[in-house]
**Q** 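One structure follows; several queries about it will come next.
Just so you know, ligand 1 is whichever comes first in the structure, and atom 1 is the first atom listed for that ligand.
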Amino acid sequence: MSIDIKSKWTNSIKTEAKRLGFLSCGISKSDFLEEEAPRLEKWLNKNMNGEMSYMANHFDKRLDPRLLVESSKSVISLLLNYYPEETQIEDSYKISKYAYGQDYHHIIKTKLRQLQEFITEEIGDVNGRAFVDSAPVLDKAWAAKSGLGWIGKNSNLLTQQVGSFYFIAELIVDIELEYDHAVTDHCGTCTACIDACPTQAIVDPYVVDGSKCISYFTIELKNELPNEMKDSFDDWMFGCDVCQDVCPWNRFSKPHNEPLFNPNPDLLSMTKKDWEEITVDVFQKVFKKSAVKRTKFEGLTRNIDFLKV
Ligand code: SF4
Ligand code: SF4
């Protein structure tokens, strides 16, 4: 295939991604993730996935997209901003900013479908598969490999331009495109995220013990919350943003322009007392179509009860 055609396709895909509202788009060759393999194996061997057993499944597929999508040639990574204009009031139990609005899975899947349709119209019969925050794809590794940012000491993808408050999604396709290169790490001597983590879950620079992370406890853990953690949750009732909030690169975060990510206004104004008294009806109203529904009413109230003094 001529370089001209590859470059033309690549440019038109990136332009369309921008038009669809993605922050950025980077592309890598669909190949075995050599550097990630030992890192993932070590992390799993230390049980840092806690009860998230799905993270240990499909080990080979997670490292090699060619096993996921037959004859795949390229991994297209995309970032979608979710940084909100406004956050919750001070006297409140906290929700991770990514979960303020409607469930991102559906919103991003729609955009990916539109990008796929564009590729079919523009290029022809291209076989592809879309992934949004799904276990088999190491999204941060692909985004970093494709030059969209570097993986910071808090294990989030970071950019100098807009920090780290965005979703990562992928489209894996069976055509060759022009490939991007990784950018350099700009964490330097900073340790702000490690120092601020309320549960000391960042056990080493670049290593987050998932089984100690507040996001894991408040969203993934199905059993009772461990009593010894009672004073460490820093009022987080769904997820945790501390290691992102303190990151100096997030001074450059800019509000998103996706109306579906806007929260129900009540979510921003509810006080701790309001949350402690939440009813099923209020839960359904405030979290209509939200990712918070994953925990169900029982899960969220379990977390709130745990935080109450
Ligand atoms: S999300 Fe919160 S608990 Fe998890 S590593 Fe970051 S600061 Fe620590
Ligand atoms: S807080 Fe500092 S060390 Fe942590 S990810 Fe941000 S720049 Fe890197």
**Q** Would you call the rings of His186 and Trp150 parallel, tilted or perpendicular, where under 30° means parallel and over 60° means perpendicular?
**A** perpendicular

**Q** Main chain of Asp174, side chain of Ser71: is a donor-acceptor contact present, judged purely on distance under 3.5 Å?
**A** no

**Q** Report whether Ile123 and Leu20 are members of the same hydrophobic cluster (ILVMFWY, side-chain heavy atoms less than 4.5 Å apart, transitive linking).
**A** yes

**Q** With no hydrogens and no angle check, is any side-chain donor or acceptor of Ser92 less than 3.5 Å from a backbone partner on Thr271?
**A** no

**Q** At a 4.0 Å threshold, what atoms of ligand 1 neighbour a non-hydrogen atom of Thr199?
**A** 3 (S)

**Q** Tell me, which protein residue and heavy-atom name are nearest atom 4 (Fe) of ligand 1, and how many Å apart are they?
**A** Cys213 SG, 2.4 Å

**Q** Do Ser146 and Ser28 pair up side chain to side chain, a donor and an acceptor below 3.5 Å, judged on atom types alone?
**A** yes

**Q** Could you tell me whether the side chain of Tyr100 and the main chain of Asn264 form a donor-acceptor pair under 3.5 Å?
**A** no

**Q** Would you check if there is a donor-acceptor pair between the side chains of Glu276 and Tyr93 at a distance under 3.5 Å?
**A** yes

**Q** In the protein, which heavy atom is nearest to atom 8 (Fe) of ligand 1, and how far is it?
**A** Cys197 SG, 2.3 Å

**Q** How about Ser211 and Asp209: does a side-chain donor come under 3.5 Å of a side-chain acceptor?
**A** yes

**Q** Spell out the protein N/O/S atoms under 2.8 Å from atom 8 (Fe) of ligand 2 as residue plus atom name.
**A** Cys187 SG

**Q** Any N/O/S atom from Cys243 (main chain or side chain) under 2.8 Å of atom 2 (Fe) of ligand 1?
**A** no

**Q** Suppose I only count heavy atoms of Pro198 and a 4.0 Å limit; which atoms of ligand 1 are within that range?
**A** 7 (S)

**Q** Just jot down the ligand 1 atoms closer than 4.0 angstrom to any heavy atom of Val242, in number order.
**A** 7 (S)

**Q** Suppose we measure from atom 2 (Fe) of ligand 1 to each protein heavy atom; which comes out shortest, and what is that distance?
**A** Cys240 SG, 2.3 Å

**Q** Will you find, in the side chains of Asn250 and Ser164, an N or O donor that is under 3.5 Å from an N or O acceptor?
**A** yes

**Q** Under a 4.5 Å cut-off applied to non-hydrogen side-chain atoms, are Leu138 and Leu63 in contact?
**A** yes

**Q** What protein heavy atom lies closest to atom 3 (S) of ligand 1? Include the residue and the distance to one decimal.
**A** Ile214 N, 3.3 Å

